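Read through the structure below, which is laid out as structure tokens, and then see the notes.
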Protein chains: 2
Amino acid sequence: MATIKEVARLAGVSVGTVSNVITGTASVAKRRKERVLRAIQELNYHPNYVARSLKLQRTKMLGMIVSDITNPFFSQVVRGAEEAALKQGYLLLTFNTDDHEERERQVLSVLRSRRVDGILLVVAPSKTKPTHIVETLKAGIPVVCLDRLPPGIAVDSVTVDNVAAARECVRHLIAQGNQKIGIITGSLALATAQQRLLGYEKAMHEANLDVDKRWVRRGDFRSESGYQLGREILQEENRPTALFVSNNLMAYGVLRALDDLGLQCPRDLAIATFDDPAITQVFRPRLTAVFQPAYSFGYTGAELLIQRIESKTTGESPISIRLPTELHIRESSATIFSRPEARGEWETSST
Amino acid sequence: MATIKEVARLAGVSVGTVSNVITGTASVAKRRKERVLRAIQELNYHPNYVARSLKLQRTKMLGMIVSDITNPFFSQVVRGAEEAALKQGYLLLTFNTDDHEERERQVLSVLRSRRVDGILLVVAPSKTKPTHIVETLKAGIPVVCLDRLPPGIAVDSVTVDNVAAARECVRHLIAQGNQKIGIITGSLALATAQQRLLGYEKAMHEANLDVDKRWVRRGDFRSESGYQLGREILQEENRPTALFVSNNLMAYGVLRALDDLGLQCPRDLAIATFDDPAITQVFRPRLTAVFQPAYSFGYTGAELLIQRIESKTTGESPISIRLPTELHIRESSATIFSRPEARGEWETSST
DNA sequence: TTGTACGCGTTATCAA
DNA sequence: TTGATAACGCGTACAA
């Protein structure tokens with residue numbers, strides 16, 4: 001692979017001149033410039049970004065850590081981040097943690113060795129303050145947390161108001177006539193899961209509705225837990241008429257559980273959930289869900305991160321960006337108490 | 001950020017010794033080793049991989065290019081690739097091309113500048129031989145093509161037998177009693193799209209069934225084209241009773257079209273398709289689909305690529321790996337001619 | 001077994 | 001405007 005030296009020799013100029021042509025930092029005489037360009041073409045020269053990174057002490061690479069890119073919500077986040085990053089010449093190094101804190105720790109270490117300029121992070125569940133994140137910050141590497149906030153750490157972030165969104169969602173279930181409403185939460189080591197539970201409790205409380213302990217089940221945001229807990233709840237002798245499921249994957253699990261038990265949604269159980277991937281919207285039952293702007297999570301996060309990087313303002317007080325959500329009301333929450341005649345004609349209300 | 005020099009100074013040894021401790025290339029006296037380890041700990045030293053890459057002339061980074069990570073098929077591919085790569089210490093630099101050849105060209109150029117050790121590539125549609133791929137190969141960068149083969153280029157690859165899979169799938173539609181069967185293809189600039197069309201034609205031909213030209217529509221593997229073409233076909237006066245849709249996204253579009261027209265699957269139209277993301281399997285209608293081992297595409301591809309990289313055998317004759325597919329038969333292809341009484345009880349036959 | 005010195009390909013500084 | 005040269009941080013001969 002050709003080096004800048006070879007280009008310089010072929011063009012009959014010094015390496016400094018070639019560098020100036022490439023980066024455009026200093027002006028170069030027109031004739032020499034042309035000679036250099038021709039040599040670059042001829043040798044099919046591609047500047048060595050590794051060497052440049054070493055010299056400049058920045059790599060123009062961003063770490064992108066999500067729990068599972070296979071979840072349509074996160075693949076959208078990544079997509080958004082890539083778009084914003086690429087636009088400014090940054091590349092994405094992506095990783096999945098499957099929500100394992102240990103894996104997150106390893107990835108963070110790798111990323112520090114790779115000298116990425118910054119990190120976009122969807123944190124894994126953690127009971128205690130994740131020291132590896134603190135240390136990354138302390139090392140001067142900007143981190144922007146997406147969707148979830150790590151406990152006890154002041155860090156830039158892009159989030160939504162989970163409490164309000166969950167509350168609105170459960171309110172809707174109540175408005176549909178449901179009184180016995182259950183919830184399947186994510187791991188309570190995750191801020192988002194806690195907040196959605198809180199929103200649920202608020203809505204129930206302000207409507208003076210009892211919350212039976214057995215209707216509150218704790219999952220882990222994965223499909224299998226939705227399935228298991230769904231089965232359990234549905235087999236209670238006093239089962240709820242509606243279920244608020246804290247994320248999409250678990251809602252899919254609940255649907256499977258319904259199917260197993262010969263039950264149907266919404267006939268036997270109303271369902272409302274979080275996350276609203278376009279891909280599922282064409283199938284039945286259409287899920288009532290809190291839509292989160294997944295793409296914007298990534299895009300906005302990357303923009304914020306790059307701004308931090310380039311303005312060298314790490315250590316300032318954290319910036320937290322709040323994105324809006326929308327409650328998309330569809331057939332899965334149409335209960336026995338209020339079921340329109342028409343099928344498939346549901347409106348999309350927003351907030 | 002600490003350097004190897006500082007570690008050496010703190011431990012009271014030379015940089016060579018520190019390097020030996022880190023890489024394990026030469027043995028170091030136990031006591032000194034401990035001192036070094038302690039110094040590393042204390043300084044929170046993370047070896048500079050940029051410098052190492054420059055010295056070693058390899059980055060332990062792989063380029064991963066897909067059309068759209070938002071498509072569950074490709075997110076699985078990426079996931080598999082990451083798993084295999086990480087296991088051997090390689091990192092993934094991921095990119096989406098949205099099937100634009102120009103974008104692919106740019107990304108390839110960036111990747112060469114970044115000095116990635118190899119590239120996993122899902123090629124974009126291309127009418128002519130993509131010279132940028134040839135040149136990447138010529139530059140000595142191993143490339144493994146996933147899922148699709150670029151026209152006229154001998155390159156390592158991981159694919160499935162699209163012709164056979166499509167044929168089996170259409171045969172199934174025929175066996176269900178359908179005689180008027182249409183197809184929505186992807187861009188015929190894509191090998192996979194061509195092959196699936198070919199499989200369709202073979203199945204129709206060997207069953208002595210006519211193929212009405214108006215039943216053969218050319219999409220682009222995106223949902224919107226499935227919707228548009230689905231509408232067109234369904235509004236023909238002599239419309240088919242079954243449709244073979246060449247990929248998942250377009251199938252979702254067709255479902256939407258059905259809905260718009262007040263029709264239902266499978267009552268008014270049987271559907272069979274390609275790709276079979278787990279996420280959709282819990283919804284109705286459950287789609288009959290050719291399952292492709294998406295995760296394995298990535299995993300196997302990365303393994304093959306790394307083997308190429310580490311054995312330095314670029315330029316040898318290309319290796320092509322064929323992965324098996326499975327036809328998953330579900331309710332979407334249950335036609336009026338053969339419809340079991342039970343709902344939701346469909347078997348999964350495989351080949 | 002340990003230390004020294006060179007080079008990887010750039011960019012930036014400085015003198016010409 | 002141009003050319004020569006010193007870093008950037010590391011791994012690895014080679015010498016000790």
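None of the values given here were measured: they were computed from a predicted structure. The chains referred to below are lettered A, B, ... by the order of the sequence lines, with proteins before strands, and numbering in each begins at 1.
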Counting the atoms with a prime plus P, OP1 and OP2 as sugar-phosphate, which does B/Thr23 contact under 4.0 Å by heavy atoms, base, sugar-phosphate, or nothing?
sugar-phosphate
Atom CZ of B/Arg58 and atom P of D/dC10 are separated, to the nearest Å, by 16 Å
Indicate, with a heavy-atom threshold strictly under 4.0 Å, whether A/Val50 touches base, sugar-phosphate, or nothing.
nothing
Starting from the 5' end of DNA chain C, give me the residue, B/Ala51 or B/Val13, whose nearest nucleotide shows up first.
B/Val13
Of all heavy-atom pairs between B/Val66 and B/Met64, which one has the smallest distance, and what is that distance?
CG1-CE, 3.7 Å
Distance criterion of 3.5 Å, no angle test: do you see the side chain of A/Lys55 paired donor-to-acceptor with the base of D/dA7?
yes
Enclosure of A/Lys33 NZ (heavy-atom neighbours >12, cutoff 6.0 Å)
no
In whole angstroms, how far is the P atom of D/dC8 from the CG atom of A/Leu54?
9 Å
Nearest-angstrom distance from the residue atom CZ of A/Arg9 to C1' of C/dG9:
14 Å
Within the supplied structure, the quantity of interest is the number of heavy atoms (other residues, nucleotides, ligands) at a distance under 6.0 Å from B/Gln41 CD; does it exceed 12?
no
Here the distance between atom C1' of C/dG9 and atom CE of A/Met1, to the nearest Å, is 13 Å
For the pair made of CD1 in B/Ile22 and P in D/dG11, what is the distance, rounded to whole Å?
6 Å
Has B/Ser27 got a side-chain N or O lying under 4.0 Å from the OP1 or OP2 atom of C/dT1?
yes
Side chain to side chain, B/Val78 and B/Thr94, heavy atoms closer than 4.5 Å
yes
Would you tell me if any nitrogen or oxygen in the side chain of B/Ser14 comes within less than 4.0 Å of OP1 or OP2 on C/dT4?
no
Within the structure, does a side-chain N or O atom of A/Gln57 lie under 4.0 Å from either OP1 or OP2 of D/dA7?
no
5' precedence on DNA chain D between A/Val15 and A/Val28 (nearest-nucleotide basis)
A/Val28
Please determine whether a side-chain nitrogen or oxygen atom of A/Thr17 lies at a distance below 4.0 Å from atom OP1 or OP2 of D/dT2.
no
Take the protein atom CD of A/Glu6 and the nucleotide atom P of C/dT10, then report the distance between them rounded to whole Å.
9 Å
Does a side-chain N or O of B/Tyr45 approach OP1 or OP2 of D/dG9 to a distance below 4.0 Å, or not?
no
Can you tell me how far P of D/dA7 sits from CG of A/Leu56, to the nearest Å?
17 Å
D/dG3 phosphate, OP1 or OP2, under 4.0 Å from A/Arg32 side-chain N/O
yes
Nearest-Å distance, NE2 (A/His46) to C1' (C/dT10)?
17 Å
Closest non-hydrogen atom pair, B/Ile69 against B/Ser75
O-CB, 3.3 Å
Check whether any side-chain N or O of A/Tyr49 sits under 4.0 Å from OP1 or OP2 of C/dT11, and answer yes or no.
no
